[in-house]
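All remarks here apply to the structure that follows.
Just so you know, these numbers come straight off a predicted model, no measurement behind them. Numbers restart at 1 for each chain; the letters A, B, ... are given by sequence-line order, proteins then strands.
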2 protein chains.
Amino acid sequence: MTSFTEENYLKIIYMLTEQNGGSEVSTNELAEHTQTKAASVSDMLRKLAEKNLINYRKYQGVTLTKEGQHIALSVIRKHRLWEVFLVEKLGFGWDEIHDIAEQLEHIDSKELTEKLDKFLGNPQFDPHGDPIPDAKGKMPSMSSHKLSEIAVDQTVVMVGVTVHSPAFLQHLDKNNITLGCSIRIQEVSEFDKSFTIILNNTQSVFVSNEVAKNLLVK
Amino acid sequence: MTSFTEENYLKIIYMLTEQNGGSEVSTNELAEHTQTKAASVSDMLRKLAEKNLINYRKYQGVTLTKEGQHIALSVIRKHRLWEVFLVEKLGFGWDEIHDIAEQLEHIDSKELTEKLDKFLGNPQFDPHGDPIPDAKGKMPSMSSHKLSEIAVDQTVVMVGVTVHSPAFLQHLDKNNITLGCSIRIQEVSEFDKSFTIILNNTQSVFVSNEVAKNLLVK
DNA sequence: ATTAATTTTTAGGTTTGTCTAAAAATTTGA
DNA sequence: TCAAATTTTTAGACAAACCTAAAAATTAAT
């Protein structure tokens with residue numbers, strides 16, 4: 001059996017490994033993301049290694065084993081499916097759902113997950129544009145770019161965000177930037193790399209470079 | 001804060017108090033229902049009493065305080081709302097939902113509970129006919145009788161069950177006895193108090209007294 | 001009304017997941 | 001390259017929720 005806490009570690013290791021481009025995750029990195037101390041992380045890593053859920057060489061950081069990856073993907077699948085439910089069915093905003101999904105992701109019932117998936121119409125992406133792994137752990141793929149890397153006059157579609165903080169998401173709401181909206185780049189400032197964009201062919205909106213770096217488009 | 005485990009104790013105390021007609025719940029009773037030993041229950045009762053969630057006089061059993069009752073009702077509300085969701089929206093059978101709802105009832109978000117309630121159309125009763133308390137803890141009332149106490153030739157409506165075991169519920173399914181169906185009592189056996197009933201004015205079905213005692217009708 | 005049986009509580013331990021402080025290993029940089 | 005800084009691990013403790021065994025209180029029965 002895998003406890004609530006163990007599942008959280010595996011999920012975080014998975015996500016940080018992705019962010020690191022596949023290389024080992026360090027103890028300190030994990031301590032930050034689990035809101036605990038490095039000593040506690042060391043304890044847990046020893047335990048997860050004993051259960052063969054992670055590859056652990058002391059002082060060298062960790063990666064997930066096949067089995068650890070499988071559990072992590074199942075937790076991520078549940079998290080993202082519940083986020084779709086919260087937004088599509090219950091009417092939550094995309095800035096309100098993270099903490100609730102953090103709880104729901106640990107509900108243990110394969111039948112529930114699969115019925116929920118079907119009820120939601122087998123969505124491929126969650127309300128932030130993150131891919132939802134299927135029951136076998138396969139991620140739908142989608143090539144995307146940061147808005148900050150797109151050239152003037154191009155027209156693209158908003159497909160995701162790389163930051164999920166309520167403050168960032170609310171900022172996008174305030175500027176009518178939503179998943180699926182069309183974006184034409186009207187102007188990029190030489191000075192601060194900020195963007196002036198045309199939203200849905202109608203509205204002109206100002207986007208700082210800080211924001212543009214965290215918007216994924218296609 | 002109230003832990004998962006504490007919430008479970010409060011919920012079970014609430015239900016056993018109801019069953020006992022309002023009188024104190026004993027340590028042994030709680031041990032049975034929490035699947036733990038009496039010694040563990042004693043520990044927890046001391047703790048819950050310290051938090052003013054129960055009235056506890058050593059050796060005399062316990063009742064809930066106002067605050068304890070409030071938490072218990074909130075857990076029961078969530079349990080029953082999620083059961084409605086599982087059956088009405090996801091297509092689970094009424095015999096499959098208990099264990100999943102036992103997990104979902106501890107998800108901590110008032111906004112979620114209220115949006116779920118609205119999404120489900122503010123249901124008053126769950127798929128077993130149990131009343132769903134409102135956000136303030138008020139139970140909808142419904143007078144009902146055991147089928148075993150109804151006289152020959154009467155026609156009634158099935159409104160609930162007093163046992164939730166999968167075996168019992170599956171037995172009802174097999175005999176087409178569902179919530180809301182109409183039941184006319186054709187015959188009651190002198191010998192074993194078993195019933196022959198007419199379901200929905202069409203089908204004749206045999207019902208043992210053991211089953212009739214656990215069917216609520218109106 | 002005592003003794004016997006039952007129930008409940010206390011005492012002392014275990015496991016899980018956390019902590020602080022200190023020791024050990026690794027990395028940095030002069 | 002080797003000493004200083006940083007990171008990681010170990011050691012020893014703690015709280016929550018459970019356990020077993022034994023003591024204390026209550027209830028039942030002769």
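The phosphate of D:dT9 (OP1 or OP2) has a side-chain N or O of A:Ser42 nearer than 4.0 angstrom. The phosphate of D:dC18 (OP1 or OP2) has no side-chain N or O of B:Lys37 nearer than 4.0 angstrom. At the phosphate of C:dT8, neither OP1 nor OP2 sits under 4.0 Å from any side-chain N or O atom of B:Tyr56.
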Please enumerate all protein N or O atoms sitting under 3.5 Å from an N or O of nucleotides 21-27 of chain D, with distances to 0.1 Å.
residue, atom, partner, partner atom, Å
D:dA25, O4', B:Tyr59, OH, 3.3

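A donor and an acceptor atom, one from each side chain of A:Asp192 and A:Ser189, are located under 3.5 Å apart. Using modelled atom types, one finds no donor on one side chain facing an acceptor on the other under 3.5 Å when comparing B:Asn52 with B:Thr65.
Among the heavy atoms of the strands lying under 4.0 Å from B:Tyr9 are primed sugar atoms or P, OP1, OP2 only; no base atom is included. Within the 4.0 angstrom heavy-atom criterion, base atoms lie near B:Ser40. Using a 4.0 Å heavy-atom criterion, one finds that A:Thr36 contacts the sugar-phosphate atoms exclusively.
When A:Ile185, A:Val211, A:Leu215 are each tested for a side chain to side chain contact (heavy atoms under 4.5 Å, CB included) with A:Phe195, only one passes: A:Ile185.
The aromatic rings of B:His128 and B:His164 sit perpendicular to each other, their planes meeting at more than 60°, with 30° as the lower class boundary. Using bins of under 30°, 30° to 60° and over 60° for the plane-to-plane angle, the ring pair A:Phe119/B:Phe119 lands in the perpendicular bin.
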ring-ring contact (aromatic ring centres under 6.0 Å, His included), that's the test. Do A:Tyr9 and A:Phe4 meet it? Break it down for me. CA-CA 9 Å; A:Tyr9 270 89; A:Phe4 187 103; over 10 Å; no
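Scanning residues 17-29 of chain A for heavy-atom distances under 4.0 Å to DNA chain C yields an empty list.
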